[in-house]
Amino acid sequence: MDGSLIFIFIIALGVAASSIGWGVMRWVRTKNLFQKVAVRLQLSFDRGGILTSPRVYGILNGAHVEVCRRRFSHGKSSTDTFGFTVAGLGIPRFLDIKPERFLSRLKRMAGAHDIEFNDGSFDDAALVEGGDPHAVRAALHPRARSLIAHLIEASYSKNFAIQGGTIETYRRTGQFEDEEDIIRVLANLIDLAKTLGRSGRTEELLRENYLAESNRKARVRYLESLAATLRAPLETDDEIVRDAFYSGDPHLMFQAACALGPAGNRHLPDILPDADRELALKIIGRLEERKIEAPVPELIKCSSGIRDWTVKAALARFLGGTGRPEVETWLHGEIAGGSSAPADYRRECVRALGLCGGKASLEVLHGLQGPPGRREIEAAMSAILARLGVAETGWLSSAGAEPGEGGLSRAETGEDEDMYGANGRE
């Protein structure tokens, strides 16, 4: 054999022997570590074989646990890890939690949603999915969120998951100097499993989570879910309601008002002026669902403190729909605001008058000049006339104008019957 070939053969043999040697050393180290863990925790130990890794498994503090070794290959290199699995202890099977990755962020940007907690460190770390968001929030106690964020951060290449009632994660073997490090990870995983598997009704768990939460923004999410799942409204002297209203946070105050049920509607006018646009529109949307109980005088009073014209327009639409007589007077003042109010807002006020206005509004609308447009004025007047009944002599009417002129005239004849319509206003 050629000398150079012999030399290459010897080198290759040395590399193979070295690789085998390192593999044996890793196996021996893992076997010794796992054996110590098994003895300390009174678990079963499997020393493995030529093709299988040593592992530790069994029941620990009521949980099914397993620790094994796994190699992750990537290209020409690989990484040795220890895999940890914990199941049981009532971990909800509906929970589906994975690390937040680049692809999931793209999906969110495209409109997909996961279940969020208004907790930046947790929401950025974990992608939370599941059927009922309120049940998921009930399961995720603040301590559980903290443990999950820590476990994701410490895992190898974000290999962490909670699915089907099981927690699974992987760590680099180099992170473990002795059995204590393995036992510490198992303790954290079992702590997490117990926290996720707490027993109790959704309402009870959400209440417990709220009171344990120190992050005010995250409290909003817990209280939102609590308000949505209550079998009966909370009382005004409930500690959660008191905490929310004393906080001065409009978002917390709104959720507390929702948790109070119909009794909470009277608090909404106090929240509205300090709410951001999204929350303000949500408040008005809630009022639209419960217009019979709407605190109309208080809403009119608080309207002067609202600076967002989009919100004021939504409020005008809602108030017009209540048909309350004080709304008509308020809308007259809003329309007469002149140049200080945008034309679009004044148009909304005119449309609202079409919903609630009476005879006095016909006079006001007829005297309008400039924005809002004539089309909106005519539509509002037509709606008022239709609601009041047949026009009396001398009343304003959209009839009698030349075709295509879009003008307004006074009706020449009319009937007294059903003159004031359902509202009964003069």
Candidate pair Phe82 and Phe34, rule ring pair (Phe, Tyr, Trp, His ring centres under 6.0 Å), full reasoning: CA-CA 10 Å; Phe82 289 156; Phe34 285 8; 5.2 Å; yes
Check ion pair Glu66-Arg55 (N to O, under 4.0 angstrom): yes
Check: Val296 main-chain N/O paired with Glu326 side-chain donor or acceptor under 3.5 Å: no
Charged N to carboxylate O below 4.0 Å: is that the case for Glu334 and Lys312? yes
Would you please test Arg266 and Glu298 for side chain to side chain contact (heavy atoms under 4.5 Å, CB included) and show each step? CA-CA 8 Å; Arg266 65 184 180 87; Glu298 292 81 3; over 6 Å; no
Surrounding CZ of Arg198 (heavy atoms of other residues, nucleotides or ligands, distance under 6.0 Å), is the total greater than 12? yes
SB check Glu289 Arg286 (cutoff 4.0 Å): no
Non-hydrogen side-chain atoms of Glu116 and Val128 separated by less than 4.5 Å: no
For residues 246-261, dump all side-chain donor-acceptor pairs below 3.5 Å to protein atoms at least two apart in sequence or in another chain.
unit_1, atom_1, unit_2, atom_2, d
Ser247, OG, Ala244, O, 2.6
Ser247, OG, Asp249, N, 3.1
Asp249, OD1, His251, N, 2.8
Asp249, OD1, Leu252, N, 3.4
His251, NE2, Asp276, OD2, 3.0

Side-chain ion pair, Asp344 and Arg346, N-O less than 4.0 Å: no
Do other residues, nucleotides or ligands put more than 12 heavy atoms under 6.0 Å from the CZ atom of Arg375? no
Once you measure the plane-to-plane angle for Phe117 and Phe122, does it fall in the parallel (<30°), tilted (30-60°) or perpendicular (>60°) bin? perpendicular
Shortest non-hydrogen pair, Ile240 vs Leu226, comes out as CD1-CD2, 4.0 Å
For Asp243, which residues count as a salt bridge (charged side-chain N to carboxylate O under 4.0 Å, His left out) partner, sequence neighbours excluded? Arg219
Nearest heavy-atom neighbours spanning Thr202 and His134: CG2-O, 3.9 Å
Interatomic distance, Thr173 atom OG1 to Asp80 atom CG [nearest 0.5 angstrom]: 5.0 Å
To check you understand the geometry: which heavy-atom pair defines the closest contact between Ala316 and Leu331, and what is its length? CB-CD2, 4.2 Å
Exam field: side chain Arg307 to backbone Ser304, donor-acceptor pair closer than 3.5 Å: yes
Counting C-beta onward and ignoring hydrogens, is there a side-chain heavy-atom pair between Cys302 and Asp270 closer than 4.5 Å? no
To the nearest 0.5 Å, what is the distance between CG (Leu388) and CG (Leu362)? 6.5 Å
Test side chain to side chain contact (heavy atoms under 4.5 Å, CB included) applied to Thr169 and Asn159, step by step: CA-CA 6 Å; Thr169 189; Asn159 276 280; 5.8 Å; no
Side chains of Asp238 and Arg207, heavy atoms from C-beta outward: is any pair under 4.5 Å? yes
Got a second to check how far Leu315's CG is from Ile284's CD1, nearest 0.5 Å? 5.0 Å
Correct closest heavy-atom pair for Leu353 and Arg387 would be O-NH2, 4.0 Å
Test of understanding: with salt bridge (charged side-chain N to carboxylate O under 4.0 Å, His left out), list the residues that count as partners of Arg184, not counting sequence neighbours. Asp181
Got a donor-acceptor contact below 3.5 angstrom from the Asp46 side chain to the Val56 backbone? no
Any side-chain heavy atom of Val86 within less than 4.5 Å of one from Thr166? no
Is a side-chain donor-acceptor pair under 3.5 Å present for Arg221 with Asn215? no
Electrostatic pair Arg145-Asp119, nearest N-O below 4.0 angstrom: yes
From the list Tyr57, Phe160, Phe176, ring-ring contact (aromatic ring centres under 6.0 Å, His included) partner of Phe84 resolves to Phe176
Can you tell me how far OG of Ser146 sits from NE2 of His141, rounded to the nearest 0.5 angstrom? 11.0 Å
Side-chain donor or acceptor of Glu348 paired with backbone N/O of Tyr345 under 3.5 Å: no
Val185 and side chain to side chain contact (heavy atoms under 4.5 Å, CB included): which partner among Leu189, Asn188, Ile182? Leu189
Are the side chain of Gln35 and the backbone N or O of Phe45 linked by a donor-acceptor pair below 3.5 Å? no
What's the spacing between Ile97 CD1 and Leu140 CG if we round to 0.5 Å? 4.5 Å
Let me see the working for Ile167 and Thr85 under side chain to side chain contact (heavy atoms under 4.5 Å, CB included), right down to the final yes or no. CA-CA 6 Å; Ile167 308 171; Thr85 302; over 6 Å; no
Would Glu239 and Arg242 pass as an ion pair if we require N to O under 4.0 Å? no
For the pair Phe72 and Tyr170, name the ring-plane relationship: parallel under 30°, tilted 30 to 60°, perpendicular over 60°. perpendicular
Any side-chain heavy-atom pair from Ile300 and Thr329 closer than 4.5 angstrom? no
Check the surroundings of atom CD in Glu180: do more than 12 heavy atoms from other residues, nucleotides or ligands lie under 6.0 Å from it? yes
Heavy-atom pair of closest approach, residues Glu213 and Pro142: OE1-CG, 3.4 Å
Nearest heavy-atom contact between Glu100 and Asp123 is OE2-O, 3.7 Å
Counting neighbours of CD on Glu235 that are heavy atoms of other residues, nucleotides or ligands and sit closer than 6.0 Å, is the number greater than 12? no
If you draw a 6.0 Å radius around NZ in Lys36, do more than 12 non-hydrogen atoms from other residues or ligands fall strictly inside? no
Walk me through it: do His64 and Ile59 pass the test side chain to side chain contact (heavy atoms under 4.5 Å, CB included)? CA-CA 5 Å; His64 296 269; Ile59 306 295; 3.1 Å; yes
Do Leu299 and Leu287 make a side-chain contact, defined as non-hydrogen atoms from C-beta onward lying under 4.5 Å apart? yes
Are the side chains of Tyr156 and Arg171 in touch, meaning some heavy atoms are under 4.5 Å apart? no
If you define the side chain from C-beta out and look only at heavy atoms, does anything of Leu95 sit under 4.5 Å from Gln163? no
Test your reading of the model: is there a side-chain donor-acceptor pair from Arg71 to the backbone of Thr79, 3.5 Å cut-off? no
Would you compute the distance between atom CG of Leu319 and atom CG of Leu355 and round it to the nearest 0.5 angstrom? 11.0 Å
